[in-house]
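Computed from a prediction, not measured in an experiment: that's the story for all the values here. Values below: every heavy atom of this structure, side chains too, minus hydrogens, waters and symmetry copies. If you read the sequence from its start, that first residue is 1, and numbering goes on from there.
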Amino acid sequence: MQILNNTYMQTTIFPVNEWQRICDDYYTSAPVKKTFSFFTAPLTNSVPSIELSLLEFFYVVSGKALVMNNQPLKALSHRTFNHWQRYQILKAQYKRCDCNLDVLAQFKRYGMDYVTIAGIFKPNRRYDNITTRSAYIMLNFNELIDIERTFRQLQNDVFLKPVMLYRSINGGIVAIMDMGICELSYHSVARNLCSYIAREYHQLSINQRISQYTCPTFVTYDPNAWLSPEILSEAGANIAYPERDSLLLAA
């Protein structure tokens with residue numbers, strides 16, 4: 001990903017202040033490890049339950065973990081599927097005017113698990129508690145006219161080069177990119193990418209929270225989630241962690 005290309009830089013999107021520079025110092029000084037934190041609902045829970053690799057996360061989101069022998073991943077995927085089912089029921093009730101928009105919003109806040117794509121946080125999700133960074137960054141694509149067309153366009157985007165795509169619970173797309181070993185701050189890379197998608201995908205209302213590495217990403221069920229073929233080729237790697245069983249079953 002050409003994150004150093006200044007063509008797409010817009011410094012006015014996310015003003016840099018002293019607090020931001022402090023955050024940048026914590027992020028860039030953290031060692032790189034390609035895993036990130038998983039948090040069980042509600043969103044107010046800031047203590048992570050487990051750490052996942054991108055491949056494991058793909059199994060959870062796509063539901064493929066449900067047919068595996070890995071009990072911890074099956075438990076997470078089962079939670080994700082149940083949450084998705086419940087949201088679909090509430091959405092149907094909303095369309096019938098049996099519930100209001102606040103009910104849907106409250107369910108997402110209090111009923112859905114989430115991850116911090118940027119890395120691992122201990123003991124809780126706070127900017128100065130990042131222990132390792134994952135080199136991954138997340139972008140949300142919302143209010144899409146043709147979600148499937150955009151999905152295919154993202155798969156072939158030679159600038160973004162996403163490593164994982166899945167459809168969010170509200171009809172958008174979550175795109176995860178690999179920044180590689182980069183000395184730029186998370187904030188700077190997010191600003192760069194947001195400038196690019198505003199130009200190429202006409203996404204003008206960009207959520208400014210994604211410029212912060214503590215930003216949560218909801219875990220939702222998408223059986224047609226996409227993972228980079230390069231990462232899928234590593235699927236033969238051992239992803240069994242029996243020692244996690246008691247932790248996940250208790251979650």
inquiry  = A side-chain contact here means heavy atoms from C-beta on lying under 4.5 Å apart; do S134 and I120 qualify?
reply    = no
Here the pair of heavy atoms bringing A65 nearest to V60 is CB-N, 4.4 Å
Only one of L55, V163, V61, L165 passes side-chain contact (heavy atoms from CB on, under 4.5 Å) with L227, and that residue is L55
Heavy-atom nearest pair, K74 first then M68, reads CD-O, 2.8 Å
- Check for a donor-acceptor pair, side chain of R125 on one end and backbone N or O of P48 on the other, with a separation under 3.5 Å. no
| said: Quick one, L154 and Y201 - any side-chain contact, counting heavy atoms below 4.5 Å? | reply: yes
Note to self: Ring centroids only, cut at 6.0 angstrom: are F159 and Y196 within range, meaning strictly under it?
What the structure shows: yes
In this structure, CZ of F38 is separated from CG of L52 (nearest 0.5 Å) by 6.5 Å
Check: F58 and S53 side chains under 4.5 Å, non-hydrogen atoms: no
On a heavy-atom basis, the closest approach of R79 and A41 is NH2-N, 3.9 Å
* Asked: Do any N or O atoms from the side chain of N156 and from the backbone of R152 form a donor-acceptor pair under 3.5 angstrom?
  -> yes
| query | Below 4.5 Å, heavy atoms only, C-beta onward: do R109 and T44 meet side chain to side chain? | reply | yes
Should V103 and L101 be counted in the same cluster of Ile, Leu, Val, Met, Phe, Trp and Tyr side chains packed under 4.5 Å apart?
yes
(Q) Here's one to test your reading of the geometry: is the NZ or CZ of R133 within 45 degrees of the ring axis of Y27 and under 6.0 Å from its centre? (A) yes
- Message: Under a 3.5 Å threshold, yes or no: a donor from one side chain and an acceptor from the other, between T35 and E51?
- Response: yes
Scanning both residues in full, the closest heavy-atom pair of K91 with I169 reads NZ-O, 4.1 Å
One should read off an interatomic distance between K64 NZ and L66 CG, to the nearest 0.5 angstrom, of 10.5 Å
Rounded to the nearest 0.5 angstrom, the OH-CG distance for Y59 and L54 is 11.0 Å
Look at the side-chain heavy atoms of Ile, Leu, Val, Met, Phe, Trp and Tyr, link any pair under 4.5 Å apart, and say whether Y110 and W84 land in one connected group. no
Checklist line | Hydrophobic cluster identity match, L232 and L73, side-chain contacts under 4.5 Å | finding: yes
Quiz prompt | Verdict with supporting geometry, Q155 and W226, side chain to side chain contact (heavy atoms under 4.5 Å, CB included) | solution = CA-CA 8 Å; Q155 287 179 349; W226 177 85; 3.2 Å; yes
In terms of heavy-atom contacts, T40 and D113 come closest through CA-OD1, 3.2 Å
Q) Do S188 and Y186 have side chains that get closer than 4.5 Å, going by heavy atoms? A) no
| query | side chain to side chain contact (heavy atoms under 4.5 Å, CB included) between F141 and V174: does it pass, once the steps are laid out? | reply | CA-CA 6 Å; F141 291 74; V174 176; over 6 Å; no
Heavy-atom nearest pair, N142 first then S168, reads OD1-OG, 4.4 Å
When rounded to the nearest 0.5 Å, the distance separating CG of L76 from CD1 of I50 is 5.5 Å
Verify whether the ring centers belonging to F218 and Y114 lie closer than 6.0 Å. no
Do D222 side-chain atoms and Y166 backbone N/O form a donor-acceptor pair below 3.5 Å?
no
**Asked** So, do F39 and P42 sit near enough that their side-chain heavy atoms are less than 4.5 Å apart?
**Response** no
Do the side-chain N and O atoms of E230 and S228 include a donor-acceptor pair separated by under 3.5 angstrom?
yes
>> When you measure from the side chain of D102 to the backbone of A105, do you find a donor-acceptor pair of N or O atoms at a distance under 3.5 Å?
In response: no
Check step by step if side chain to side chain contact (heavy atoms under 4.5 Å, CB included) holds for R167 and T220.
-> CA-CA 8 Å; R167 296 154 187 84; T220 186; over 6 Å; no
Under the criterion salt bridge (Lys or Arg N to Asp or Glu O under 4.0 Å), I'd like the reasoning laid out for D178 against K161: C-alpha separation, chi angles, the key distance, then a yes or no. CA-CA 8 Å; D178 189 341; K161 296 180 180 177; over 6 Å; no
Report yes if some heavy atom in the side chain of I137 is under 4.5 Å from a heavy atom in the side chain of I176; otherwise report no.
no
Does N69, at its CG atom, have more than 12 non-hydrogen atoms belonging to other residues, nucleotides or ligands within less than 6.0 Å? no
Donor-acceptor contact present, side-chain H83 to main-chain G111, <3.5 Å = yes
_With a 6.0 Å cut-off (strictly less than), is the heavy-atom count around OH of Y94, excluding the residue itself, greater than 12?_
no
Here the gap from I231 atom CD1 to K34 atom NZ, rounded to the nearest 0.5 Å, amounts to 7.0 Å
From CA spacing to verdict: side chain to side chain contact (heavy atoms under 4.5 Å, CB included), N129, K122:
CA-CA 6 Å; N129 284 340; K122 292 180 181 178; over 6 Å; no
Is it the case that more than 12 heavy atoms not belonging to R149 sit under 6.0 Å from its CZ atom? no
(Q) Taking atom NZ as the centre, does K33 end up with more than 12 heavy-atom neighbours from other residues, nucleotides or ligands that are less than 6.0 angstrom away? (A) no
Beyond-backbone contact of I197 with L160, side-chain heavy atoms, under 4.5 angstrom | yes
#### Entry: Single-linkage hydrophobic cluster Y127~V47, side-chain heavy atoms < 4.5 angstrom
no
Distance col, row T116:OG1 vs I130:CD1, nearest 0.5 angstrom, shows 8.0 Å
Taking the six-membered ring for Trp, are F121 and Y213 parallel (under 30°), tilted (30 to 60°) or perpendicular (over 60°)? parallel
